[in-house]
Amino acid sequence: MTLPKLALSATLGLGLAASLAAVPASAATPDHTRSAASAGYVPGAEEKADTDAFIKAVMKSALAKRAKAPSLAAAVTVTYSASSAPTFKSVIARSTQIWNASVSNVKLKEGSNPDFTYREGNDSRGSYASTDGHGGGYIFLDYKQNQQYDSTRVTAHETGHVLGLPDHYSGPCSELMSGGGPGTSCKNSQPNAAEISRVNQLWANGLAALQKKDLAKAH
Ligand SMILES: [Zn+2]
């Protein structure tokens, strides 16, 4: 979806003001590469909001595991590790509960050999979801931004990218993927009906594609 230029630059000011506010350079700065695709909580946090690359990497990883150990469960399980984001342990658990209670075709589960990881630290760009360019993905949670904005909303928003949703900063607070667009007072951490439906649709399609491939292999 292309964002209207005017709406984007209007919220860009707010986002930049928040993300540029004197954050000292820190050793905790993640070792992400600038070439990796990422999507942020506020506009300007992403080089290119390439959510497609992110969901493809995570879906490929989750579906490959499922193909090796076929399950009768209707939902695809996406595993994550929160061990590199200890400060956000409870917030990540809450975000997982929110998503698992909302969508039916994909489920999040903490576990080993994760499809994606959560990380924490200081980054002038704030929080974002990113692919590492090697088929893996991670969510980076920025300390300062998680104090300015509702931390559960930030985490559930970034997790929404993992599940395939793009940013829509011009949307209302009732939309999870409007991110930092509606401002720091917005504390809604629930995806709306359209966002839930989009995630279910994306993962149903991914599963159908995998089953089609398996059938082709069987013949
Ligand atoms: Zn985002």
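Every number for a ligand or one of its atoms is a count from 1 in the order of the listing.
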A.B. asks: Strictly below 4.0 Å, N to O, side chains only: are Asp142 and Lys144 in salt-bridge contact?
C.D. replies: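 Salt bridge: no.
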A.B. asks: Which pairs, with at least one residue in residues 165-195 and sequence neighbours excluded, count as a disulfide (SG to SG under 2.5 Å)?
C.D. replies: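 Applying disulfide (SG to SG under 2.5 Å) to every pair that reaches into residues 165-195, excluding sequence neighbours, yields Cys173-Cys186.
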A.B. asks: Tell me, which protein N/O/S atoms are under 2.8 Å away from the Zn ion (ligand 1)?
C.D. replies: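 As for protein N, O or S atoms lying under 2.8 Å from the Zn ion (ligand 1), they are Gly40 O, His157 NE2, His161 NE2, Asp167 OD1.
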A.B. asks: Any non-hydrogen side-chain atom of Thr159 less than 4.5 Å from a side-chain atom of Ile98?
C.D. replies: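 Thr159 vs Ile98: side chains apart.
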A.B. asks: Hey, which of Trp99, Tyr138, Tyr118 is the one that makes ring-ring contact (aromatic ring centres under 6.0 Å, His included) with Tyr80?
C.D. replies: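 Only match with Tyr80 under ring-ring contact (aromatic ring centres under 6.0 Å, His included): Tyr118.
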A.B. asks: Taking atom NZ of Lys109 as the centre, does the number of heavy atoms from other residues, nucleotides or ligands within less than 6.0 Å exceed 12?
C.D. replies: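 No, because the 6.0 Å sphere around NZ of Lys109 holds 12 heavy atoms or fewer from other groups.
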A.B. asks: At what distance, to the nearest 0.5 angstrom, does CD of Glu195 lie from OG of Ser178?
C.D. replies: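 With rounding to 0.5 Å, CD (Glu195) is 7.5 Å from OG (Ser178).
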